[in-house]
Amino acid sequence: MALHGTVNNQQCQIHRLNLFHRTQIQLRNLYFNIPISQSRGFSLRSRSISHPLLLRRCVSEKISGSFDSDSGRNYASGPPQIPQQNNVSFVEVLKKSNSFLPHVTLASTLLALVFPPSFTWFTNRYYAPALGFLMFAVGVNSSEKDFLEAFKRPTAILAGYMGQFLVKPLLGYIFGIISVAIFGLPTPVGAGIMLVSCVSGAQLSNYATFLTDPPMAPLSIVMTSLSTATAVFITPLLSLLLIGKRLPVDVNGMVSSILQIVVTPVAAGLLLNRFFPRICDAIRPFLPPLSVLVTACCVGAPLAINIESVMSPFGLTILLLITAFHLTAFVAGYFLTGMVFHKTPDVKALQRTLSYETGMQSSLLALALANRFFQDPLVGVPPAISTVIMSLMGFSLVMVWAKRKE
């Protein structure tokens with residue numbers, strides 16, 4: 001009997017061990033969602049777990065498994081991560097205010113057309129100081145390093161210079177003759193178109209190049225700076241060659257005016273940036289919004305003051321001629337560059353840069369010269385229209401080329 005009882009006890013223990021083993025397998029397969037027949041080579045019928053101990057064991061295994069599965073994440077490797085907030089400082093907003101320049105230009109144009117008194121206070125005596133401020137901003141944001149980097153490409157610089165003072169004056173002369181000979185416009189209008197083609201490059205071309213091809217921005221700065229510096233001699237010479245026989249031109253006065261408006265402010269900005277960098281760092285964030293404001297006034301005021309001439313019967317003809325002049329300059333700069341530099345690796349970026357340099361010029365300088373040295377107010381109508389058309393066309397190309405690059 002003792003032996004029989006011992007055998008029964010052993011059988012009971014084996015039965016309990018088998019049951020416990022089956023239960024473990026079933027719980028593990030339920031948790032990992034693995035068929036039991038694939039785990040051990042035999043199958044068990046699915047049974048519901050109703051015993052409290054088994055339920056607690058299942059829950060504990062799930063909880064422990066969840067912690068084990070996350071153990072590789074190493075939560076204790078560092079301090080708790082706090083989501084970083086994108087705090088945009090006031091200085092950054094000031095620096096990025098140039099991005100609103102196309103919208104401000106269009107808004108000032110529409111405002112000048114709809115309500116001219118909003119800009120008529122900005123009379124001719126403010127043009128030269130405003131243009132000098134813009135040139136000062138160029139000097140503050142430039143340095144000798146920009147020139148050193150760009151001077152490594154003398155052929156491209158020469159091409160940009162030829163586009164400014166050879167291709168563009170030739171186009172200006174052609175459209176000036178067309179305006180008088182074919183469209184029958186007054187002679188001062190043709191002289192105004194020619195005067196627009198005689199001035200140096202616009203600083204807006206540097207900003208347009210930066211928006212489209214940032215690596216080309218130093219080269220654009222050198223091109224514009226070189227054309228601006230030599231405009232002291234080239235602009236009076238071109239104006240004398242193109243319109244000297246038609247209207248009296250005070251060459252000495254133009255040279256003096258360019259020295260005051262262009263050379264002195266740019267030189268002052270460069271010297272301030274070179275010897276007083278802390279002062280430049282302090283004032284530099286405020287230059288973009290002020291430049292946008294000044295540009296808006298310089299764009300809206302010419303239209304507001306010359307609204308009668310612009311809205312006159314020949315105003316639309318001048319608008320079409322100026323648009324055709326700038327469009328031809330943009331296209332010529334783009335395709336001529338492609339023909340000359342077709343083997344250059346970055347030919348497309350160089351084409352866009354020289355297109356800006358050829359199609360955009362300092363129409364504000366032409367307007368200041370027209371208001372100061374020409375008695376007939378019609379000479380200032382083409383530069384006034386050119387200020388708006390040049391900006392709108394240039395930034396339209398920025399948007400088109402930026403989308404194509406994307």
Side-chain angles (χ1 to χ4, degrees), residues 98-99 101-102 104-105 131 134-139 141-142 146-147 149-150 153 156-169 171-172 196-231 234-235 261-262 266 269 287-288 291-292 294-295 298-299 322-323 325-337 346 348-367 383 386-402:
N98 273 338
S99 60
L101 188 56
V104 173
T105 301
L131 187 60
L134 295 178
M135 294 295 102
F136 173 76
V138 173
N141 288 280
S142 304
D146 299 327
F147 292 90
E149 288 293 330
R153 309 183 68 170
I157 296 175
L158 179 61
Y161 193 82
M162 298 296 288
Q164 279 286 340
F165 289 129
L166 181 61
V167 176
K168 190 178 62 179
L171 294 175
V196 170
S197 66
C198 295
V199 295
S200 59
Q203 65 173 2
L204 290 180
S205 64
N206 308 145
Y207 181 60
T209 301
F210 174 76
L211 293 178
T212 308
D213 301 285
M216 289 291 177
L219 182 62
S220 177
I221 292 174
V222 170
M223 291 178 182
T224 304
S225 301
L226 182 61
S227 65
T228 301
T230 57
I234 302 299
T235 297
I261 295 175
V262 179
V266 171
L287 293 179
S291 299
V292 171
V294 170
T295 304
C298 292
V299 170
I322 291 296
T323 302
F325 164 70
H326 284 288
L327 180 61
T328 307
F330 279 116
V331 173
Y334 186 85
F335 285 102
L336 290 178
T337 304
D346 55 350
K348 290 299 181 181
L350 188 60
Q351 283 182 274
R352 292 188 287 264
T353 301
L354 290 179
S355 178
Y356 290 135
E357 292 299 318
T358 308
M360 303 178 72
Q361 58 276 341
S362 182
S363 300
L364 293 177
L365 176 60
L367 182 61
S386 173
T387 302
V388 180
I389 297 300
M390 174 199 67
S391 302
L392 294 180
M393 294 183 67
F395 288 107
S396 297
L397 286 176
V398 168
M399 292 185 292
V400 171
W401 280 333

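In what follows, every heavy atom counts, from backbone to side chain, and hydrogens, waters and symmetry copies are set aside. Nothing here was measured: the structure is a model prediction, and the numbers come from that model.
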Restricting to non-hydrogen atoms, name the atom on [X] and the atom on [Y] that form the minimum distance, rounded to 0.1 Å.
| X | Y | value |
| --- | --- | --- |
| L354 | A159 | CD1-CB, 4.1 Å |
| T235 | C198 | OG1-O, 3.0 Å |
| A329 | T358 | O-CG2, 3.4 Å |

What residues, two or more places apart in sequence or in another chain, satisfy side chain to side chain donor-acceptor pair (under 3.5 Å) together with [X]?
| X | result |
| --- | --- |
| S386 | H326, S363 |
| Y161 | T230 |
| Q164 | K168 |

Problem set entry | Point-to-point distance, once rounded to the nearest 0.5 Å, from OG of S396 to CD1 of I389 | 9.5 Å
Exercise. When rounded to the nearest 0.5 angstrom, what distance separates CD1 in I221 from CG in L226?
Worked result: 13.5 Å
side-chain contact (heavy atoms from CB on, under 4.5 Å) partners of [X], counting only residues at least two apart:
| X | answer |
| --- | --- |
| L166 | M162 |
| S220 | S205, N206, T209, T224, T353, E357 |
| A366 | L195, V196, V199, P383 |
| V398 | A208, L211, T212, Y356, F395 |

With side chains defined as the heavy atoms from C-beta onward, is the minimum distance between [X] and [Y] less than 4.5 Å?
| X | Y | value |
| --- | --- | --- |
| L365 | S200 | yes |
| S355 | W401 | yes |
| L131 | L367 | no |
| L171 | S197 | no |

For this session: Check the pair D346 / R153 against salt bridge (charged side-chain N to carboxylate O under 4.0 Å, His left out), numbers first and verdict last.
Result: CA-CA 12 Å; D346 55 350; R153 309 183 68 170; 3.0 Å; yes
Problem set entry | Pairing residues for F330 by the ring pair (Phe, Tyr, Trp, His ring centres under 6.0 Å) criterion, not counting sequence neighbours | none
For this session: Please confirm whether the backbone N or O of Y334 pairs with a side-chain atom of Q351, one donor and one acceptor, at under 3.5 Å?
Result: yes
